[in-house]
Asks: 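I am attaching a structure below and will ask some questions about it afterwards.
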Amino acid sequence: MNAVLVVGATGTVGGLAARALHRQGAAVALAGRNAERLADRSLLPDDCPRRAFDAYDLDGCETLAPWAARSLGFLDRVVVAVGVAGFGRAEDVDEAAAEHLMTVNALAPMAVVRGALPLLGAGAAVAVVTGRVVDAPPQGMADYAAAKTALAAWLGVVGREQRSRGVRVVDVRLPHLEGGFAARAVTGSPPKLPPGADPAAAVERHLLAPLAGAPGSPHGALPGTPGAPQL
Ligand SMILES: NC(=O)c1ccc[n+]([C@@H]2O[C@H](COP(=O)([O-])OP(=O)(O)OC[C@H]3O[C@@H](n4cnc5c(N)ncnc54)[C@H](OP(=O)(O)O)[C@@H]3O)[C@@H](O)[C@H]2O)c1
């Protein structure tokens, strides 16, 4: 049985991952910002330990894995699916929004993983959601793309560092999904985006399969409109 921490369990991707892992028999610890959604037993499995956190509290982010390991007895999987979009030309993004985008999309996921690594042993795996934006950053998303690209670079190095310990680090470069993520942007309005992929299928293919060690596709060839912006 796996023991999994899902950070961002209150979101579309995190919720799908948490419910699927729970259905598969994993022990799951849930972390999310929105206390109401986190507590909602019709949304997230009933029998899971829960903890509220905010990405701006980086020390708190670092304590999530130790909390999950204490709650579940051990920890061998971590899923990080926190993020927020932001749109607009670079000169139109104010300091507060720029800091917000870098904190939620890069510094907080890094802090969660930093807190988890000392607890993970051989065979453990970490999956962190970045996005296709890393491969093709479009105009009008400089800050969001920069944060995701920083996270992806960090994960790549950490993955190489952890290989000798037998800990896998998966950079999950999801395509644009249906689900309203772009509409919840902290600043600006989204450009015209291609039709989003089905979230459940994308989470299965790009997150859960590689997390389980299957030769899945965290960022392999994806359907979509060539040249269309991706998040
Ligand atoms: N959806 C897409 O099209 C798409 C495409 C590529 C990559 N991604 C990436 O996939 C990840 C999940 O996206 P999603 O579609 O599931 O979006 P979502 O439904 O909006 O979920 C975002 C998650 O991030 C959490 N979050 C946002 N700000 C936070 C903060 N300040 N402190 C703590 N948690 C915070 C939200 O918490 P609350 O709900 O509790 O506030 C929620 O759990 C993100 O990293 C996103 O960049 C998404």
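Below, all heavy atoms of this structure are taken into account, side chains as well, without hydrogens, waters or symmetry copies. For ligands, and for the atoms within them, numbers begin at 1 and follow the listed sequence.
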Asks: Within the structure, does Tyr56 bring an N/O atom to less than 3.5 angstrom of an N/O atom in ligand 1?
Replies: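 No, there is no polar N/O contact under 3.5 Å.
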Asks: Using a plain distance cutoff, I'd like to know if Val82 has any nitrogen or oxygen under 3.5 Å from a nitrogen or oxygen of ligand 1.
Replies: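 Val82 vs ligand 1: N/O contact under 3.5 Å present.
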Asks: For residues Leu211 and Val79, determine if any side-chain heavy atom of one lies less than 4.5 Å from a side-chain heavy atom of the other.
Replies: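 Contact flag for Leu211/Val79 side chains = yes.
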Asks: Report the C-alpha distance between Arg173 and Asp171 in whole Å, list the side-chain angles of each, state the deciding distance to 0.1 Å, and finish with yes or no for side chain to side chain contact (heavy atoms under 4.5 Å, CB included).
Replies: CA-CA 6 Å; Arg173 294 189 193 173; Asp171 168 359; 2.9 Å; yes
Asks: Could you check whether any side-chain heavy atom of His206 comes within less than 4.5 Å of a side-chain heavy atom of Pro175, counting everything from C-beta outward?
Replies: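 In short, these two side chains touch, coming nearer than 4.5 Å.
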Asks: Where's the contact between Arg132 and ligand 1, heavy-atom distance under 4.0 Å: side chain, backbone, both or neither?
Replies: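 It is neither; nothing of Arg132 touches ligand 1.
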Asks: Is there side-chain contact between Val84 and Leu101, with at least one heavy-atom pair below 4.5 Å?
Replies: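 With C-beta onward as the side chain, the pair touches.
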Asks: For ligand 1, which atoms have a heavy atom of Gly11 less than 4.0 angstrom away?
Replies: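 Here the atoms of ligand 1 in question are 16 (O), 19 (O), 21 (O), 42 (C), 43 (O).
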Asks: For a 4.5 angstrom cut-off between non-hydrogen side-chain atoms, does Phe53 reach Val7?
Replies: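 Yes - at least one pair of side-chain heavy atoms lies under 4.5 Å apart.
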Asks: State the atoms of ligand 1, each with its element, that fall below the 4.0 Å cut-off from a heavy-atom position in Gly83.
Replies: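 In order of numbering, the contacting atoms are 22 (C), 24 (O), 27 (C), 44 (C), 45 (O).
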Asks: Give the intermediate values and the outcome of side-chain hydrogen bond (donor to acceptor under 3.5 Å, both in side chains) for residues Asp143 and His100.
Replies: CA-CA 10 Å; Asp143 290 82; His100 192 114; over 6 Å; no
Asks: Which atoms of ligand 1 are found less than 4.0 Å from any heavy atom of Asn34?
Replies: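 Answer for ligand 1: 38 (P), 40 (O).
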Asks: Any idea which protein heavy atom is nearest atom 5 (C) of ligand 1, and the distance to it?
Replies: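 Going by distance alone, atom 5 (C) of ligand 1 is nearest to Pro175 O, 3.1 Å.
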Asks: Starting from atom 10 (O) of ligand 1, locate the nearest protein heavy atom and write down its residue, its atom name and how far away it is, to 0.1 Å.
Replies: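 Scanning the protein heavy atoms, the shortest distance from atom 10 (O) of ligand 1 goes to Val129 CG1, 3.0 Å.
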Asks: I'd like to check which ligand 1 atoms, numbered from 1 as shown, lie under 4.0 Å from a non-hydrogen atom of Lys148.
Replies: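 Reading through ligand 1 atom by atom, the close ones are 44 (C), 45 (O), 46 (C), 47 (O).
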Asks: Report the part of Arg184 in contact with ligand 1, treating N, CA, C, O as backbone and CB onward as side chain, heavy atoms under 4.0 Å; options are side chain, backbone, both, neither.
Replies: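 The answer is the side chain of Arg184.
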Asks: Any non-hydrogen side-chain atom of Glu178 less than 4.5 Å from a side-chain atom of Asp198?
Replies: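 Contact flag for Glu178/Asp198 side chains = no.
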Asks: Gln230 versus Pro194: any side-chain heavy-atom pair under 4.5 Å?
Replies: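 In contact.
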Asks: Between the side chain of Asn34 and the main-chain N/O of Glu36, is any donor-acceptor distance below 3.5 Å?
Replies: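 Judged by distance alone, yes, a pair lies under 3.5 Å.
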Asks: With a 6.0 Å cut-off on the ring centroids, do His176 and Phe181 count as close?
Replies: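 Aromatic pair excluded; centres sit 6.0 Å or further apart.
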Asks: Hey, which atoms in ligand 1 end up nearer than 4.0 Å to a heavy atom of Ala55?
Replies: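 So the answer, numbered in order with elements, is 30 (C), 31 (N), 32 (N), 33 (C).
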Asks: Among all protein non-hydrogen atoms, which one is nearest to atom 7 (C) of ligand 1, and what is the separation to 0.1 Å?
Replies: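 Result: Thr130 O, 3.2 Å.
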Asks: What about Asn105: any of its N or O atoms under 3.5 Å from an N or O on ligand 1?
Replies: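 It does not: no N or O of Asn105 is found under 3.5 Å from an N or O of ligand 1.
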Asks: Among all protein heavy atoms, pick the one closest to atom 17 (O) of ligand 1 and tell me residue, atom and distance.
Replies: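 Protein heavy atom at minimum distance: Phe181 CD1, 3.1 Å.
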Asks: Closest heavy-atom contact between Thr130 and Tyr144?
Replies: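 Taking Thr130 first and Tyr144 second, the nearest heavy atoms are O-OH, 4.4 Å.
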Asks: Identify the protein heavy atom lying closest to atom 12 (C) of ligand 1, giving its residue, its atom name and the separation to 0.1 Å.
Replies: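 Scanning the protein heavy atoms, the shortest distance from atom 12 (C) of ligand 1 goes to Ala81 O, 3.3 Å.
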Asks: Using a 4.0 Å cut-off to any heavy atom of Gly8, which atoms of ligand 1 qualify?
Replies: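 Going through ligand 1 atom by atom, the ones under 4.0 Å from Gly8 are 43 (O).
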Asks: Please evaluate residues Leu64 and Leu5 with respect to the criterion side chain to side chain contact (heavy atoms under 4.5 Å, CB included), reporting the C-alpha separation (whole Å), side-chain torsions for both, the decisive distance (0.1 Å), and the verdict.
Replies: CA-CA 8 Å; Leu64 289 175; Leu5 166 65; 4.1 Å; yes
Asks: Taking the side chain as every heavy atom from C-beta outward, state whether Arg50 and Leu44 have any pair of such atoms under 4.5 Å apart.
Replies: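 Yes, side chains in contact.
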Asks: Hey, which atoms in ligand 1 end up nearer than 4.0 Å to a heavy atom of Val13?
Replies: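 What qualifies from ligand 1 is 12 (C), 14 (P), 15 (O), 16 (O).
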Asks: Please state which protein non-hydrogen atom is closest to atom 3 (O) of ligand 1 and give its distance, to 0.1 Å?
Replies: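 Minimum-distance protein heavy atom for atom 3 (O) of ligand 1 reads Leu177 N, 2.8 Å.
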Asks: Select one of side chain, backbone, both or neither to describe which atoms of Val84 lie under 4.0 Å from any atom of ligand 1, heavy atoms only.
Replies: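 Neither part.
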Asks: Among all protein non-hydrogen atoms, which one is nearest to atom 6 (C) of ligand 1, and what is the separation to 0.1 Å?
Replies: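 Checked against all protein heavy atoms, atom 6 (C) of ligand 1 sits closest to Leu231 O, 3.0 Å.
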Asks: List the closest protein heavy-atom neighbour of atom 38 (P) of ligand 1: residue, atom name, distance to the nearest 0.1 Å.
Replies: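 Going atom by atom, the protein heavy atom closest to atom 38 (P) of ligand 1 ends up being Thr10 OG1, 3.3 Å.
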